[in-house]
Number of protein chains: 2
Amino acid sequence: MSITGGPPREASGKVTLTDVARAAGVSVATASKALNKRTHVKEATRLRVEAAAASLDFTPNYFAQALNSSRTNTIGMITSDLDNRFVLPILLGAEDAFGSGSLSVLLADARDDVLREQLHIQTLMARKVDGLLIVGRTTNPRPPATFASDIPVVYVYAPSTDDADSSVTPDNHLAGRLAVRHLVESGRRGIALVNGEASYAAAQDRAAGVIAELADHGLELAGGRALFGQWGEAWGRDCARLLVNGDPSIDAIIAGSDHIARGVLDTLHDLGRRVPHDIAVVGFDNWDLLVTESRPPLTSVDMNLQHLGRVAAQRLVDAIAGVGHPGRSYEAVHVVGRESA
Amino acid sequence: MSITGGPPREASGKVTLTDVARAAGVSVATASKALNKRTHVKEATRLRVEAAAASLDFTPNYFAQALNSSRTNTIGMITSDLDNRFVLPILLGAEDAFGSGSLSVLLADARDDVLREQLHIQTLMARKVDGLLIVGRTTNPRPPATFASDIPVVYVYAPSTDDADSSVTPDNHLAGRLAVRHLVESGRRGIALVNGEASYAAAQDRAAGVIAELADHGLELAGGRALFGQWGEAWGRDCARLLVNGDPSIDAIIAGSDHIARGVLDTLHDLGRRVPHDIAVVGFDNWDLLVTESRPPLTSVDMNLQHLGRVAAQRLVDAIAGVGHPGRSYEAVHVVGRESA
DNA sequence: ACCAAAACCGAAACCGGTTTCGGAAGGACC
DNA sequence: GGTCCTTCCGAAACCGGTTTCGGTTTTGGT
């Protein structure tokens, strides 16, 4: 080999640990230890190595590192349906929580298809992700994913049916309760529920919460039952018309979603009922675009989805660190008061 | 070494190429070549190796592979603002295009912050992604990202200000033209535009398209100018009231977005103007939740965002393969006709 | 049966780090 | 000055594959 140390190469391209070691006049072994703050390396040499590394702007090769160390600092996130407005805030919260550490996120969308999910999990396993975050498209419990590995998994939004798994889901029961509580506290007594589709756990849970809270106040649902239907505005419009015309004692309507609530508001407006003077309206989801500029602005129960994502991410990080939290956690929600109630 | 070949170990854990080679009675070199269908390996041995690999369900170590080969089969996707409804379809389209190959996607959200973007790019570089997809939050051109590497980059939605870069963005000019064309073809002549915020390129481009198409038909904008305002319903409501009360010749209103269009519809409904009989309304974005259940259902220009994502992904794949398409590409949009126009 | 050419296989180097382990340098103490 | 620890450093093995390159076997032709 030539004696000429030579000046640092045009830094671009690839500068390896060997280069750093040579520049610092030490062996690669020492360089490695120095940069990783390992076993007693003399302060002076450590500084020398660090200086060399900095001046060459050395970046350790991620793959060489990952090759031995079994930790990849990467987690896999599997969504059931990216084209779903509920997953965005969750993704954001999770990405936030991970990104602030130095975990990278591998994203895969399963298109709500079990086979595709299986395939993506396979790929993620091959990439040796440290953990898996599985985001559902509804809050309906789903069968756990199966794979031959024991990396930690956290289910978000849609909990796993297996209670040994770790799941994080919004507390829809509480959401129902809070909606009622908010209304009762402002003096409402004739409270009706225009709900979403019966096949959705979210709709069922919210209804249960509504009924439970009403019972706590010695009340029951106006009309006697939760009206399950569809999630859209049309259902809200039609249903509101029936309710208002049919039962004059109604002074509040809880809508299964903001979208439904918009329909309810439209009908009330058409019928000349004043909101909230005559009838109060509460929705669920607190979806900006629907609630802030409605007439009047809509009081809604915020599902704290971003928080949900963050909590799930934190759980996964904990699980990777060895402290798992098995079981379902129901995350708190809160009412955002606006003019409609 | 012991002579006993021994039965395949309990397959779980980690089975390496060495194990496969031993099981097939060949060297690791041969095993590698066989599995990668490389230089002439006898058909029989190849099959034997493949059988061995299958029976041990061998998965090559991703990192060992990546360590020599400079291709990682991973691309980085940087979003400026995940909490933005426009990015979802784009993400979906891109993820779709990539996933169908065997590319994995590393997701990072920059929170619309240059520093954070820089940081994430750094991380992605360290992971040696094969390419970068940068998704903007508006269609306003943005300064190109800077980094010390020459991997291909494609900008989506927000194009790069540098025309040497590859950008894919929706054709908002065409969108404006198509909205007008649709209205003119059904006989409208008094066409007004209730636009979004003037600081958005999307608003400017659509306005330009509207005016250009009107000119082609010998018309001009009712009221003389595009009314820039905000993107919300309230602006749509207020503006519609002024327009309709001020100029009886107006028989169509183009709204800068579906959201604005909803406000316009509400006002028309309140004033007793029939849609589309008296006045036609067209929106932009074709956002399901706003257009399908409005009264009446809203005709809207669909920006083809999912297609946009797919095209961008394809461009990136091409660029990685060596065939780049520098410059901006404006992707087609189309009108989805419903009852309102 | 014999030889050159073609086909096939395996030892070893390599990708770029981390870790083990033995040895050298330096200091304290007798 | 010699012994015994410490402390610090470096050679080499290793992670799990891919690739080169030389040697061995097969094939094909006569």
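Below, read A as the first sequence line, B as the second, and so on, with proteins coming before strands; counting in each chain starts at 1.
Counting to the nearest Å, the C1' atom of dG27(C) and the NZ atom of Lys42(A) are 13 Å from each other. The nearest whole Å value for the distance from the CG atom in Leu35(A) to the P atom in dG10(D) is 14 Å. The distance between atom CD of Glu43(A) and atom P of dC9(D), rounded to the nearest whole Å, is 11 Å.
Applying the salt bridge (Lys or Arg N to Asp or Glu O under 4.0 Å) test to Arg48(A) and every residue at least two apart in sequence or in another chain returns nothing.
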Item to complete: Spell out protein contact along nucleotides 13-19 of chain D as letters: B when the base is contacted, S when just the sugar-phosphate is, - when no protein heavy atom is under 4.0 Å; keep the 5' to 3' order.
Response: --BBBBB
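A donor-acceptor distance shorter than 3.5 angstrom exists from the side chain of Tyr155(B) to the backbone of Ala145(B), with no hydrogens or angles considered. Asp19(B) places a side-chain N or O within 3.5 Å of a backbone atom of Thr16(B) that can act as its donor or acceptor partner. Judged by distance alone, with hydrogens and angles left aside, the side-chain atoms of Thr74(B) form a donor-acceptor pair with the main-chain N or O of Thr72(B) at under 3.5 Å. Although no hydrogens or angles enter the test, the distance criterion places a donor-acceptor pair under 3.5 Å between the side chain of Asn84(A) and the main chain of Arg137(A). Using modelled atom types, no side-chain atom of Ser32(A) and backbone atom of Thr30(A) make a donor-acceptor pair closer than 3.5 Å. In terms of modelled atom types and a separation under 3.5 Å, the side chain of Thr45(A) and the main chain of Val41(A) share no donor-acceptor contact.
Bending across the helix from dA1(C)-dT30(D) to dC30(C)-dG1(D), expressed as the angle between its end axes from five pairs apiece, amounts to 40° (10° rounding).
By the 30° and 60° cut-offs, the orientation of the rings of Phe63(B) relative to Phe63(A) is tilted.
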